Number of protein chains: 2
Amino acid sequence: MKERKKQYFHPIEVTLDVVCGKWKGVILCLLQEKDYRFGELKDQLFSVTPKVLTQQLRELEEDGLITRTVYPQVPPKVVYSLTPYGKDLEDTLRMMEKWGQSHQQKVGDNFNEEVSEAELS
Amino acid sequence: MKERKKQYFHPIEVTLDVVCGKWKGVILCLLQEKDYRFGELKDQLFSVTPKVLTQQLRELEEDGLITRTVYPQVPPKVVYSLTPYGKDLEDTLRMMEKWGQSHQQKVGDNFNEEVSEAELS
DNA sequence: CTGTATCCGGGCCGATACTG
DNA sequence: CAGTATCGGCCCGGATACAG
């Protein structure tokens, strides 16, 4: 899977190592609000494939941020929720969210300008 | 270089997109303290190659987090410093740093518990 | 509903050598 | 001192199909 045995020079690398996956940030933000089932997450994330979603969730689980609860029934039901360590990230995530909003606004003009696809020649 | 035309589902993706490079977190943390010259950063990061360091710095610059100031002299001198947007990340980075410390600590404790748990019974 | 199994392309990042 | 240039490996993440 994902090897995480490296030596860190700085504590922030630990956090980044754990949070830097294509969908992990959003997943963690969603789970701050409430627990989610696998399919609900898939719907929220819209364009994620089940394989990749499973990967991201497994890694978050291995890193101790979320728990996976299986309800033995048909059809199956699996609920993902935050561990205390995952909840400890809430304030951090909110700050990242805020910064992202303001930064996107700043760069937002650039993004909007290239909405027209007739750009490259 | 690095294409950043994607559509974001969530503001946090902007922040992660900008901060998630192999050395970007540490670089930003260092620059919170003081400005750095290229060689100083290279020394601090220890195992980074000049090519990769340049890449990371260029991307941070493109994203508006840092500025690159060239002093026209021989030998050359280039100083990297934070923009206001980069400075706005300070609190966020500190929180990530703190969480990283405690999480790393937690994993350390688990290891210790596994070894010493037999002594308690 | 909640996943696996396979295949695969791209880009991140490193090693090494060279330059103004 | 502060970078480029070139080559290449690895792994992340997507597409698609299948399964309990």
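Since this is a predicted model, take the numbers as computed values, not measurements. Every heavy atom of this structure was used, including side-chain atoms; hydrogens, water molecules and symmetry mates were not. We name chains A, B, ... by the order of the sequence lines, and we start the count at 1 in each one.
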Is the side chain of [X] donor-acceptor paired with the backbone N or O of [Y] at a distance under 3.5 Å, no angle test?
X	Y	value
Thr15(B)	Gly100(A)	yes
His103(A)	Gly64(B)	no
Gln32(B)	Gly86(B)	yes
Tyr85(B)	Trp99(A)	no

Over its full length, what angle do the end axes of the helix from dC1(C)-dG20(D) to dG20(C)-dC1(D) make, each axis taken from five pairs and the result rounded to 10 degrees? 60°

Of all of residues 26-35 of chain B, which get a heavy atom below 4.0 angstrom from DNA chain C, listed by number? none

Which residues in residues 36-51 of chain B have a heavy atom closer than 4.0 Å to any atom of DNA chain C? Thr49(B), Lys51(B)

On the nucleotide dT4(D), are OP1 or OP2 found under 4.0 Å from the side-chain N or O atoms that Arg58(B) carries? yes

Does dA2(D) have its OP1 or OP2 closer than 4.0 Å to a side-chain nitrogen or oxygen of Arg68(B)? no

Can you tell me the distance, in whole Å, between the [atom1] atom of [X] and the [atom2] atom of [N]?
X	N	atom1	atom2	value
Glu61(B)	dA2(D)	CD	C1'	14 Å
Leu57(B)	dC12(C)	CG	P	16 Å
Leu53(B)	dG3(D)	CG	P	8 Å
Tyr71(A)	dT2(C)	OH	P	12 Å
Gln55(A)	dC12(D)	CD	P	8 Å
Gln56(B)	dA2(D)	CD	P	18 Å
Glu59(A)	dC11(D)	CD	C1'	11 Å

By the 4.0 Å heavy-atom rule, please label Val78(A) as base, sugar-phosphate, or nothing. sugar-phosphate

How is Tyr80(A) classified with respect to the nucleic acid when contacts are heavy atoms under 4.0 Å: base, sugar-phosphate, or nothing? sugar-phosphate

So, for Pro76(B) and Arg37(B), which heavy atoms are closest and what is the spacing to 0.1 Å? O-NH2, 3.6 Å

On DNA chain D, more 5' by nearest nucleotide between Val52(A) and Pro76(A) is Val52(A)

Do [X] and [Y] belong together in a cluster built from hydrophobic side chains that touch within less than 4.5 Å?
X	Y	answer
Leu28(A)	Phe46(A)	yes
Phe38(A)	Val70(A)	yes
Leu31(B)	Trp23(B)	yes
Val18(B)	Met95(A)	no
Leu82(B)	Ile12(A)	yes

Are Glu90(B) and Arg94(B) close enough for a salt bridge, meaning some N to O gap below 4.0 Å? yes

Looking at Tyr36(B), I'd like to know if the NZ or CZ of Lys34(B) sits under 6.0 Å from its six-membered ring centre while staying within 45 degrees of the ring's axis. yes

